[in-house]
Amino acid sequence: QVQLVESGGGLVQAGGSLRLSCVASGSTFSSCAMGWFRQSPGKEREFVAGISNWSGGRTDYADSVKGRFTISRDNAKNTVYLQMNSLEPEDTAVYYCAGVLDRSDYFVYRGRTTYDYWGQGTQVTVSS
């Protein structure tokens, strides 16, 4: 079992930056492919970014955040990050960290149902 705890959300003006962190419990973090999702009121939870396990050599991004957001991981700290730059009001949402144990060192997953572990979410609000 892996428990995930997000932090780093808050209120920021459009054009600003935030860095979200997600700390995982347990010794299996390195084996987990990780992802960030977000959900705004009235909308489904959507994929934002993902990173493969182990070295994190593969990443993937939703088109809406490509070039603005960067996902990374630090296995020594059991932590995955989401650096968010050039934030827009449309980025306002609750952001969730997710993980899934994976035997490969290759795949990045976009599907919400692929992930087994979820954090409680952190609110990001971007004002115009």
Side-chain angles (χ1 to χ4, degrees):
Q1 188 74 8
V2 176
Q3 293 184 327
L4 304 174
V5 179
E6 304 98 333
S7 62
L11 174 64
V12 64
Q13 288 188 332
S17 298
L18 283 174
R19 188 175 81 157
L20 305 183
S21 299
C22 172
V23 179
S25 65
S27 60
T28 58
F29 175 76
S30 297
S31 304
C32 290
M34 302 297 295
W36 286 97
F37 289 74
R38 67 186 181 187
Q39 188 169 19
S40 51
K43 295 187 177 180
E44 291 191 356
R45 193 171 298 188
E46 65 175 359
F47 171 79
V48 175
I51 189 167
S52 56
N53 60 0
W54 298 109
S55 64
R58 298 181 67 88
T59 58
D60 189 22
Y61 298 92
D63 288 345
S64 58
V65 306
K66 200 170 293 183
R68 300 188 298 122
F69 291 10
T70 303
I71 189 171
S72 61
R73 66 188 299 156
D74 184 340
N75 292 334
K77 295 182 178 180
N78 273 20
T79 302
V80 62
Y81 303 98
L82 185 68
Q83 177 67 44
M84 306 186 295
N85 299 328
S86 302
L87 283 161
E88 304 168 352
E90 293 73 23
D91 296 317
T92 295
V94 177
Y95 283 71
Y96 297 90
C97 172
V100 58
L101 286 170
D102 190 6
R103 293 185 177 182
S104 80
D105 184 14
Y106 184 83
F107 293 109
V108 181
Y109 301 99
R110 286 185 164 228
R112 186 180 57 198
T113 58
T114 300
Y115 291 88
D116 293 321
Y117 310 115
W118 291 87
Q120 82 289 348
T122 185
Q123 176 71 47
V124 171
T125 303
V126 184
S127 64
S128 58

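FYI, the numbering just counts along the sequence from 1. Keep in mind that what you see is a predicted model, and the values were worked out from it rather than measured.
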[X] side chain near [Y] side chain, heavy-atom distance below 4.5 Å:
{"X": "W54", "Y": "S31", "answer": "yes"}
{"X": "V124", "Y": "M84", "answer": "yes"}
{"X": "V2", "Y": "T28", "answer": "yes"}
{"X": "Y115", "Y": "M34", "answer": "no"}
{"X": "T70", "Y": "Y61", "answer": "yes"}

If two hydrophobic side chains count as joined below 4.5 Å and joins carry through other members, does [X] share a cluster with [Y]?
{"X": "W36", "Y": "V108", "value": "no"}
{"X": "V100", "Y": "L4", "value": "no"}
{"X": "I51", "Y": "V48", "value": "yes"}

On a heavy-atom basis, which atom in [X] and which in [Y] lie closest, and how many Å separate them?
{"X": "S17", "Y": "N85", "answer": "OG-OD1, 2.9 Å"}
{"X": "S52", "Y": "G57", "answer": "OG-N, 3.3 Å"}
{"X": "S86", "Y": "D91", "answer": "O-OD2, 4.4 Å"}
{"X": "L82", "Y": "Y95", "answer": "CD2-CD2, 4.2 Å"}

Rounded distance (nearest 0.5 Å) linking atom [atom1] of [X] with atom [atom2] of [Y]:
{"X": "T59", "Y": "F69", "atom1": "OG1", "atom2": "CZ", "answer": "14.0 Å"}
{"X": "L20", "Y": "T79", "atom1": "CG", "atom2": "OG1", "answer": "12.5 Å"}
{"X": "F47", "Y": "T114", "atom1": "CZ", "atom2": "OG1", "answer": "10.5 Å"}
{"X": "S21", "Y": "N78", "atom1": "OG", "atom2": "CG", "answer": "12.5 Å"}

message: Applying side chain to side chain donor-acceptor pair (under 3.5 Å), can you list everything that pairs with R112, at least two apart in sequence or on another chain?
response: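 So R112 forms no side chain to side chain donor-acceptor pair (under 3.5 Å) with any residue.
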- prompt: Among all residues two or more places apart in sequence or in another chain, which pass the side chain to side chain donor-acceptor pair (under 3.5 Å) test with Y109?
  reply: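 Y109 satisfies side chain to side chain donor-acceptor pair (under 3.5 Å) with D102 once adjacent residues are dropped.
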Heavy-atom donor-acceptor pair, [X] side chain to [Y] backbone, under 3.5 Å:
{"X": "N53", "Y": "S104", "result": "yes"}
{"X": "E6", "Y": "G121", "result": "yes"}
{"X": "T92", "Y": "V126", "result": "yes"}
{"X": "N75", "Y": "F29", "result": "no"}

- request: Any pair with a residue in residues 41-50 that passes salt bridge (Lys or Arg N to Asp or Glu O under 4.0 Å), sequence neighbours left out, goes on the list, sorted by first then second residue, please.
  value: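 Residue pairs passing salt bridge (Lys or Arg N to Asp or Glu O under 4.0 Å), neighbours aside: R38-E46.
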- request: Any pair with a residue in residues 51-60 that passes salt bridge (Lys or Arg N to Asp or Glu O under 4.0 Å), sequence neighbours left out, goes on the list, sorted by first then second residue, please.
  value: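 Every pair satisfying salt bridge (Lys or Arg N to Asp or Glu O under 4.0 Å) with a residue in residues 51-60: D60-R110.
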message: Once disulfide bond (SG atoms under 2.5 Å apart) is applied, do any residues pair with C32, and if so which ones, sequence neighbours excluded?
response: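 Result, disulfide bond (SG atoms under 2.5 Å apart) vs C32: none returned.
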query: Would the number of heavy atoms belonging to other residues, nucleotides or ligands and lying under 6.0 Å from CD of Q120 be above 12?
result: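 Counting neighbours around CD of Q120, more than 12 heavy atoms of other residues, nucleotides or ligands fall under 6.0 Å, so yes.
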- prompt: By salt bridge (charged side-chain N to carboxylate O under 4.0 Å, His left out), which residues pair with E90, not counting sequence neighbours?
  reply: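 Partners of E90 under the salt bridge (charged side-chain N to carboxylate O under 4.0 Å, His left out) test: none.
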